[in-house]
A.B. asks: 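Have a look at this one.
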Amino acid sequence: HLRGHAVSGYDRTPSVLTKQLESIGISIRYTADASNLGDTDLFVYTVAIPATQPEYVEAQRRGIPVISRADYLGYIMSGYTNRIGVSGMHGKSTTTAMLEQIFRVGEMNPTVSCGAPMKDVGGRCDRIGGEDFFIFEACEYMDSFLDSYPTDVVVLNIEPDHLDYFRDIYHIEDSFARFLDRAGTNGTAFLNLGDANVMRAAQKFDGRVVTFGVECADADYSAEDIIMEHGRPTFTITHHGDPMCRVAMHVPGAHTICAALAAAAVAWEHGISADSIVTALSEFDGAARRMDCRGK
């Protein structure tokens, strides 16, 4: 839309996100109908829709090029220098949102695609920035992340999930191994050393490996001296055993430590200062629908 194309779309119900799109001139319809296509040149869909969705059926009937959201995202990101894909069964949205905040505070002007609304950019799922950094949430469901072109891959964790598609844990590990291979020999993998499934999936990766782990002295980046105060963690990030910075998180939950550590490792490897990392993480207010305060 920002590049001058006419963009419209369909969703089942109005939401904050659809209203944001409408506010900048993108037409959203809330009734699925073949007539919505008009003079469409390209039809982009999510794999979550059924094959009987009226607009999807009509696009195929008319011979309009049909492309999945994952393929289209891969096409868009191909024009960016550094493409950082955040993967894992849990924590992807939070880590992606943390990276957005750290890279923005570090004046890297990132372009970001997140799977959840990011609170620090007004509840948007995206941030349109420069063309040096494209940070994206890499979804494993239906192997969608295999349509992306990362230069850096973050793997937070691997465990059984989406078993309506994956056969078992070995199928899942194989998919993550293939995703890592997308980065190629010149790429970098940021791996959770404390997750045996992650390390097993990465055994044949030929690129550069950077490890992180919570209270994991053997990792390149570790979280040490952890203190929990009212559910909020404070911890020291070490790099090769040396203290790098101390972080006091604003959001609650011990699980946020791993996400913050992964984000900090990526940021440091791309030249962002410890001061920027500390500032961004201490101000991070979370991604929407995760640990939201609903009342007292």
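For reference, positions follow the sequence shown, starting with 1.
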A.B. asks: Does this structure show an ion pair linking E269 with R208, if we count only N-O contacts that are shorter than 4.0 Å?
C.D. replies: yes
A.B. asks: Does a donor on one side chain sit under 3.5 Å from an acceptor on the other, for T18 and Y30?
C.D. replies: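 Yes, because at least one side-chain N or O of T18 sits under 3.5 Å from a partner of the opposite role on Y30.
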A.B. asks: Are E283 and H250 linked by a side-chain donor-acceptor pair shorter than 3.5 Å?
C.D. replies: no
A.B. asks: Side chains of V112 and D126: does their closest heavy-atom pair fall under 4.5 Å?
C.D. replies: no
A.B. asks: Taking atom CG of D41 as the centre, report whether more than 12 heavy atoms of other residues, nucleotides or ligands fall under 6.0 Å from it.
C.D. replies: no
A.B. asks: Show the nearest heavy-atom pair for residues I76 and F134, with the distance to one decimal.
C.D. replies: CG2-CE1, 4.2 Å
A.B. asks: Counting N and O atoms only, with roles assigned by atom type, does the side chain of R127 sit under 3.5 Å from a partner on the main chain of P110, one being a donor and the other an acceptor?
C.D. replies: yes
A.B. asks: Do R3 side-chain atoms and H1 backbone N/O form a donor-acceptor pair below 3.5 Å?
C.D. replies: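 Checking the backbone N and O of H1 against the side chain of R3, no donor-acceptor pair under 3.5 Å is found.
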A.B. asks: Are any non-hydrogen side-chain atoms of V155 and I158 less than 4.5 angstrom apart?
C.D. replies: yes
A.B. asks: Checking M77 against Y75 for the side-chain contact (heavy atoms from CB on, under 4.5 Å) test, could you report, in this order, the C-alpha distance in whole Å, the side-chain angles of both residues, the deciding distance, and whether it holds?
C.D. replies: CA-CA 6 Å; M77 74 175 65; Y75 164 73; over 6 Å; no
A.B. asks: Could you tell me which non-hydrogen atom of R289 sits nearest to which non-hydrogen atom of P117, and how far apart they are?
C.D. replies: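 Distance-wise, the nearest heavy atoms are NH1-CD, 3.5 Å.
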A.B. asks: Between V154 and A262, what is the shortest heavy-atom contact and its length?
C.D. replies: CG1-CB, 4.2 Å
A.B. asks: Is the closest side-chain donor-acceptor distance between D143 and S175 under 3.5 Å?
C.D. replies: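 The answer is yes; a qualifying pair exists.
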A.B. asks: Do V266 and F284 belong to the same hydrophobic cluster, where Ile, Leu, Val, Met, Phe, Trp and Tyr are linked whenever their side-chain heavy atoms lie under 4.5 Å apart, directly or via other members?
C.D. replies: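 Yes, V266 and F284 fall within the same hydrophobic cluster.
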A.B. asks: Return the minimal non-hydrogen interatomic distance between S113 and T96, and the atom names on each side.
C.D. replies: O-CG2, 3.9 Å
A.B. asks: Is there a path of hydrophobic side-chain contacts, each under 4.5 Å between heavy atoms of I/L/V/M/F/W/Y residues, joining I135 to L156?
C.D. replies: yes
A.B. asks: Check whether the side chains of Y141 and D164 place a donor and an acceptor atom closer than 3.5 Å, and report yes or no.
C.D. replies: yes
A.B. asks: Which pair of non-hydrogen atoms, one from S273 and one from W268, has the smallest distance, and what is that distance?
C.D. replies: C-CZ3, 4.3 Å
A.B. asks: Flag yes if Y45 and V57 sit in one hydrophobic cluster, no otherwise; membership is Ile, Leu, Val, Met, Phe, Trp, Tyr, and two members link when side-chain heavy atoms are under 4.5 Å apart.
C.D. replies: no
A.B. asks: Are Y170 and F176 connected in a single hydrophobic cluster, I mean Ile/Leu/Val/Met/Phe/Trp/Tyr linked by side-chain heavy atoms less than 4.5 Å apart?
C.D. replies: yes
A.B. asks: Salt bridge or not for K204 and D181, using N-O below 4.0 Å?
C.D. replies: no
A.B. asks: Indicate, with yes or no, if V7 and I49 share a hydrophobic cluster defined by side-chain heavy-atom contacts under 4.5 Å among Ile, Leu, Val, Met, Phe, Trp and Tyr.
C.D. replies: no
A.B. asks: Is atom OH of Y165 surrounded by more than 12 heavy atoms (other residues, nucleotides or ligands) closer than 6.0 Å?
C.D. replies: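 Yes, enclosed.
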A.B. asks: For L17 and C125, which heavy atoms make the closest approach, and how far apart are they?
C.D. replies: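 Minimum heavy-atom separation between L17 and C125: CD1-SG, 3.7 Å.
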A.B. asks: Using only heavy-atom distances, determine whether the side chains of E224 and T238 contain a donor-acceptor pair under 3.5 Å.
C.D. replies: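 No, because no side-chain N or O of E224 sits under 3.5 Å from a partner of the opposite role on T238.
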A.B. asks: Do K119 and D292 meet the salt-bridge criterion of a basic N to acidic O distance under 4.0 Å?
C.D. replies: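 So D292 pairs with K119 through a salt bridge.
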A.B. asks: Indicate the ring-plane relationship of H239 and Y221, choosing parallel, tilted or perpendicular according to the 30° and 60° boundaries.
C.D. replies: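 It falls in the parallel class, under 30°.
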A.B. asks: Between R69 and T46, do the side chains contain an N or O donor and an N or O acceptor separated by less than 3.5 Å?
C.D. replies: no
A.B. asks: Please say whether the positively charged group of R182, taken as NZ for Lys or CZ for Arg, lies over the ring of F145, i.e. under 6.0 angstrom from the six-membered ring centre and within 45 degrees of the axis.
C.D. replies: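 Negative - R182 is either too far from the ring of F145 or too far off its axis.
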A.B. asks: Is the closest side-chain donor-acceptor distance between H270 and D152 under 3.5 Å?
C.D. replies: yes
A.B. asks: Salt bridge check, E22 against K19: does any charged N sit closer than 4.0 Å to a carboxylate O?
C.D. replies: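 Between E22 and K19 there is no salt bridge, as every charged N stays at least 4.0 Å from the carboxylate O atoms.
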A.B. asks: If I take atom CG from residue N157 and atom CG from residue N192, how far apart are they, to the nearest 0.5 angstrom?
C.D. replies: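 CG of N192 is found 7.0 Å from CG of N157.
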